[in-house]
2 protein chains.
Amino acid sequence: MTTVSTSEANAKPPSAREKLIGAAVKVVREKGFNATSVDELCREAGVTKGAFFHHFPSKTDLGVAAAEAWKLHANDLFGHAPYMACEDPLDRFLGYLEFRRNMLDGPVPEFTCLAGTMVQESYETLPTLREACQDSIWGHALTLVPDIEAARDKHGVDGDWTSESLALHTQAVLQGAFILAKATNGAAAARDSADHLIRYVRMLFRLPATRP
Amino acid sequence: MTTVSTSEANAKPPSAREKLIGAAVKVVREKGFNATSVDELCREAGVTKGAFFHHFPSKTDLGVAAAEAWKLHANDLFGHAPYMACEDPLDRFLGYLEFRRNMLDGPVPEFTCLAGTMVQESYETLPTLREACQDSIWGHALTLVPDIEAARDKHGVDGDWTSESLALHTQAVLQGAFILAKATNGAAAARDSADHLIRYVRMLFRLPATRP
DNA sequence: ATAAACATACCGACCAGTTGGTATGTGTCA
DNA sequence: TGACACATACCAACTGGTCGGTATGTTTAT
């Protein structure tokens, strides 16, 4: 769960670059981007400061690389999750939502979103990082669109909303749930919010409010 | 809009303490808590560093005071908004949601939430600030509970959810919408997400999906 | 007179980033 | 095959500047 590697069982030992990205994903989710120093990232990665600036022109550039790695990690994780075997696109979408809801457990830094955390600290001050975070969030959200679209076709659901906006809304609810979790240092309120999201989607697709 | 004073037209000139809190609300929403230096807060407030540490033992304590002021500001603003004149509690709740949706406009730092921003940077490192942010968010969310509860009674709506969880869910959606806005440097995705929230609440209370 | 409300000057710690290197390849041409 | 040219990966020490916070004033209201 803590690793970010996209391919399973990469034989080669991790390079300094990969170790630094892994350290950034871990530490930045705990303390935020600005509060994490380059020295701390090097310590966590077991790498020297010289190696850091050999691979990344600046601390911001490591943030950008970490956001990119985070997107690949997410799309790999959710793209291969069990519910992806469902035939009905609506089952896949609901499976995704249930899966994410059930991930809201354990220590808060282990289920929160790197890109959502970083963008709050960078959106006005570090344009390249803001853009990388947008790409990370959107690049994951948009993977849901084809299933939502197919589910609407199959179940004859229309309405005054786009499939893309619903995909982004799911990310908004999750990002907001992470904030509630951080505020309470626990996941209970976040789970309740995810339950409301699932209830909403089920109502949109005219399913009974709760699972059988 | 940028002022945080709770009472309208306070005659007295603002003290250094009030000016520092106002500066914190403004600058921290733009740059985040960690990226905002004490010197910058003093410059923004037009106050010296000696005055800062006369009123606040530490930078964190200013954050705590700002979170408290933010809660009072929000409850004053929304407690006196036009929709509060509605007789039906459901109209008040929906009025609140529409009001918040329509606030998602203009520059991003002007509609985002101070407490949501600060808690992301402090939840693991500054416990007192985390707690103040929780109090700020919860202290506002819970003002919605009586209307939601009364609306459920009046319209005979039950279901597998509590009024408190729905009040918190509205805050989660808004907080998540703020993150989408920050990621895009614009409010469009945030408004779409707020629209989904309004649609959800209308469905919960068996209203037509869109306003007449 | 006295105490609170400020202001100025300063401190040690820490920060991101630079410097000037070494060790280990890797391609290439005699 | 071997030796030279060059590139990549990494390292330890250092720098200029900024950080949160302090020490010691001065002003102002009562």
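Order of the sequence lines fixes the chain letters, A, B, ..., with proteins taken first and strands second; residue numbering starts at 1 for each chain.
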**Report entry** Comparing B:A16 and B:D39 on DNA chain C - which has the more 5′ nearest nucleotide
**Finding:** B:A16
Requested in this report: Looking at every strand, decide which applies to A:T36 at a 4.0 Å heavy-atom threshold: base, sugar-phosphate, or nothing.
Outcome: sugar-phosphate
Report task. May I ask you to say whether B:K71 pairs ionically with B:E68, meaning some side-chain N is under 4.0 Å from a carboxylate O? Result -> yes
Report task. Tell me, please, whether A:F52 has A:K59 positioned over its six-membered ring: NZ or CZ under 6.0 Å from the ring centre and within 45 degrees of its axis? Result -> no
Requested in this report: Mind calculating the distance between NZ (B:K59) and P (D:dT18) to the nearest angstrom?
Outcome: 15 Å
Query raised in the report: Would the number of heavy atoms belonging to other residues, nucleotides or ligands and lying under 6.0 Å from CD of A:E131 be above 12?
Result: no
Report task. Rounded to the nearest angstrom, tell me the gap between atom CZ in A:F56 and atom C1' in D:dC10. Result -> 14 Å
Query - Among C:dA7, C:dA5, D:dC10, the nucleotide that comes nearest once only the side chain of B:H54 is considered - result: C:dA5
Report summary line: Taken to the nearest whole Å, CG/B:L41 to P/D:dT18 is 17 Å
Query raised in the report: Would you call the rings of B:H196 and A:H169 parallel, tilted or perpendicular if under 30° counts as parallel and over 60° as perpendicular?
Result: parallel
Query - Interatomic distance where CD belongs to A:E40 and C1' belongs to C:dA16 [whole Å] - result: 14 Å
Report task. Answer yes or no: does a side-chain N or O of A:T48 lie under 4.0 Å from OP1 or OP2 of D:dC10? Result -> no
Requested in this report: Ignoring backbone atoms, test whether B:S37 places a side-chain nitrogen or oxygen under 4.0 Å from the OP1 or OP2 oxygen of D:dC19.
Outcome: yes
**Report entry** Contact under 4.0 Å: B:H55 side-chain N or O vs C:dA5 OP1/OP2
**Finding:** no
Query raised in the report: Out of D:dC10, D:dG20, C:dG17, which has the shortest distance to the side chain of B:K49?
Result: D:dG20
Report task. Hey, can you tell me if A:Y200 and B:Y200 have their rings parallel, tilted or perpendicular (30° and 60° cut-offs)? Result -> perpendicular
Requested in this report: Measure from the side-chain heavy atoms of B:A51 and tell me the nearest of C:dA7, C:dA16, D:dG21.
Outcome: C:dA7
Query - Nearest-Å distance for atom pair CZ/P, residues A:F52 and D:dC14 - result: 22 Å
Requested in this report: Round to the nearest Å and state the distance from A:N34 atom CG to C:dA16 atom C1'.
Outcome: 12 Å
Query raised in the report: Between A:R17 (CZ) and D:dA9 (P), how many Å, whole number?
Result: 10 Å
Report summary line: To the nearest angstrom, the CG-C1' distance between B:L62 and D:dG21 comes to 14 Å
